[in-house]
J.: 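Here it is, the structure, as structure tokens.
By convention here, the first residue in the shown sequence is residue 1.
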Amino acid sequence: MARDRIGTPREVSAFVRQLEGRIEDLVKGSNRVALAYSGGLASTLVAMVARKRCDLDCLVAGSSESADVRAARAAKQHMDYRIELVLLDGAATRQIRDRLVAARPGLSPRAVRSLLPLFAVVERAEGIPWLAGFGGTRVDSRIITESQRLGVRAPLLDLSNGGSIPRAMLRAAAVLLGLPEKWARVPHRAPPNGAGIAAFL
């Protein structure tokens with residue numbers, strides 16, 4: 001499917017059913033599930049499906065005025081998502097970076113920056129199933145490997161067959177599930193930029 005083609009209504013419905021089935025498999029038997037939430041399209045789509053199937057906590061890491069934190073606050077207010085904020089300033093960001101580097105010494109600086117918001121939230125709730133919205137854009141294989149080592153599963157990535165799912169498909173699926181069009185058109189944000197921590201590193 002071309003990246004800018006939405007897909008037929010039947011294709012969109014089929015994709016939603018696939019995503020629902022994959023998330024149901026991942027959360028089955030779990031009383032509580034956490035989602036590494038950015039307020040972006042992909043993580044919001046995962047949240048829309050997962051919250052109907054489990055007791056879902058959405059955790060977001062970022063500076064107090066970052067795009068991710070603002071989006072999470074809006075989701076809490078308008079969509080009644082259960083949100084936990086992990087607010088990061090320069091000192092906290094560098095401390096988390098140091099712990100991540102110590103735990104995974106072979107990571108490149110770029111991978112560390114990309115994984116840092118995920119690592120920051122997973123530290124808060126270890127020992128429970130974790131979901132993330134990876135898969136809406138192409139993801140470095142090292143980041144996928146490290147997120148899996150952290151116990152984080154990415155249902156969109158599971159459905160992407162090693163590539164990425166067209167953003168138009170994600171948008172159409174989210175709108176089909178009831179997300180307002182304005183919310184579905186949020187631009188993609190790279191993790192360190194969305195979390196507002198790039199300047200701290």
J.: Would a distance-only check, ignoring hydrogens and angles, find a side-chain to backbone donor-acceptor pair under 3.5 Å from Arg53 to Glu24?
T.: no
J.: Determine, step by step, whether Ser63 and Phe200 satisfy the side chain to side chain contact (heavy atoms under 4.5 Å, CB included) criterion, reporting the C-alpha distance in whole Å, the side-chain angles of both residues, the deciding distance to 0.1 Å, and the verdict.
T.: CA-CA 10 Å; Ser63 65; Phe200 300 152; 4.2 Å; yes
J.: Examine distances only and state if a side-chain atom of Trp130 and a backbone atom of Ala125 form a donor-acceptor pair shorter than 3.5 Å.
T.: yes
J.: Could you measure the distance from the CG atom of Leu115 to the CD1 atom of Ile96? Nearest 0.5 Å is fine.
T.: 12.5 Å
J.: Do Val12 and Ile23 sit in one hydrophobic cluster, given that two such residues count as connected whenever their side-chain heavy atoms are within less than 4.5 Å of each other, even indirectly?
T.: yes
J.: Test of understanding: clusters of I, L, V, M, F, W, Y form through side-chain heavy atoms closer than 4.5 Å, transitively. Do Leu177 and Phe15 belong to the same one?
T.: yes
J.: Taking everything shown except Arg110 itself, do over 12 heavy atoms lie less than 6.0 Å from its CZ?
T.: no
J.: Taking side chain to side chain contact (heavy atoms under 4.5 Å, CB included) as the definition, give me every residue that meets it alongside Leu201, ordered by chain and number, with sequence neighbours left out.
T.: Thr93, Arg97, Arg113, Leu116, Ile197
J.: Give the cluster check for Val122 versus Val69: same hydrophobic cluster or not, with ILVMFWY residues linked at side-chain heavy-atom distances below 4.5 Å.
T.: no
J.: Please check if atom CZ in Arg189 has more than 12 non-hydrogen atoms from other residues, nucleotides or ligands closer than 6.0 Å.
T.: yes
J.: Please report the closest heavy-atom contact between Leu156 and Gly133, naming both atoms and the distance.
T.: CD1-O, 3.7 Å
J.: Under the criterion side chain to side chain contact (heavy atoms under 4.5 Å, CB included), I'd like the reasoning laid out for Leu56 against Val33: C-alpha separation, chi angles, the key distance, then a yes or no.
T.: CA-CA 5 Å; Leu56 184 70; Val33 175; 4.1 Å; yes
J.: Looking only at heavy atoms, what is the nearest atom pair of Pro192 and Ser114, with distance?
T.: CD-CA, 4.2 Å
J.: What heavy-atom pair brings Ser64 and Leu87 nearest, and what distance separates the two atoms?
T.: CA-CD2, 4.0 Å
J.: State, to 0.1 Å, how close Pro117 and Pro191 come at their nearest heavy-atom pair, and which atoms those are.
T.: CG-O, 3.9 Å
J.: Would you call Leu176 and Arg171 a side-chain contact if the rule is heavy atoms closer than 4.5 Å?
T.: no
J.: Any side-chain heavy-atom pair from Lys52 and Glu20 closer than 4.5 angstrom?
T.: no
J.: If we only count heavy atoms from C-beta on, is the Trp183 to His78 side-chain gap below 4.5 Å?
T.: yes
J.: Checking Thr44 now: which residues fulfil side chain to side chain contact (heavy atoms under 4.5 Å, CB included) with it, not counting sequence neighbours?
T.: Tyr37, Met48, Met79, Tyr81, Leu179
J.: Before giving the answer on side chain to side chain contact (heavy atoms under 4.5 Å, CB included), spell out for Lys76 and Arg82 the whole-Å C-alpha distance, their side-chain angles and the decisive distance to 0.1 Å.
T.: CA-CA 6 Å; Lys76 180 176 183 177; Arg82 192 161 57 225; over 6 Å; no
J.: Could you note down all residue pairs passing salt bridge (Lys or Arg N to Asp or Glu O under 4.0 Å) where residues 151-163 supplies at least one of them, sequence neighbours left out?
T.: Arg22-Asp158, Arg153-Asp158
J.: As a test of understanding, state which of Asp25, Val49, Leu131, Val27 forms a side chain to side chain contact (heavy atoms under 4.5 Å, CB included) with Pro155.
T.: Leu131
J.: Does any part of the side chain of Leu107, heavy atoms only, come nearer than 4.5 Å to the side chain of Val101, both counted from C-beta?
T.: no
J.: Say whether, by atom type as modelled, one donor and one acceptor occur between the side chain of Ser38 and the main chain of Gly40 under 3.5 angstrom.
T.: yes
J.: Val121 and Ala36: which non-hydrogen atoms are nearest, and at how many Å?
T.: CG2-CB, 4.0 Å
J.: Under 3.5 Å, is there a donor-acceptor pair between the side chain of Glu11 and the main chain of Thr8?
T.: yes
J.: Can you measure from CG (Leu59) to CD (Glu123) and round to the nearest 0.5 angstrom?
T.: 12.0 Å
J.: For the atom pair CG (Leu45) and CG (Leu170), what is the distance rounded to the nearest 0.5 Å?
T.: 6.0 Å
J.: So, for Ala72 and Leu85, which heavy atoms are closest and what is the spacing to 0.1 Å?
T.: CB-CD2, 4.3 Å
J.: Can a donor-acceptor pair be found, under 3.5 Å and without considering hydrogens, that links the side chain of Ser108 to the backbone of Ala111?
T.: yes
J.: Report the C-alpha separation of Ile128 and Ser30 in whole Å, then their side-chain angles, then the decisive distance to 0.1 Å, and conclude whether the side chain to side chain contact (heavy atoms under 4.5 Å, CB included) test is met.
T.: CA-CA 8 Å; Ile128 65 171; Ser30 301; over 6 Å; no
J.: Report yes or no: does Arg70 contribute a side-chain atom to a donor-acceptor pair with the main-chain N or O of Glu65 at less than 3.5 Å?
T.: yes
J.: When you compare the side chain of Ile144 with that of Phe134, does any pair of heavy atoms fall below 4.5 Å?
T.: no
J.: Side chains of Leu35 and Val46: closer than 4.5 Å at any heavy-atom pair?
T.: yes
J.: CD1 of Ile83 to SG of Cys58: how many Å apart, nearest 0.5 Å?
T.: 4.5 Å
J.: Between Glu146 and Val152, is any pair of side-chain heavy atoms under 4.5 Å apart?
T.: no
J.: Do the non-hydrogen side-chain atoms of Asp57 and Glu84 ever get within less than 4.5 Å of each other?
T.: no
J.: Can you tell me how far the CG atom of Leu159 sits from the CG atom of Leu157, to the nearest 0.5 Å?
T.: 9.0 Å
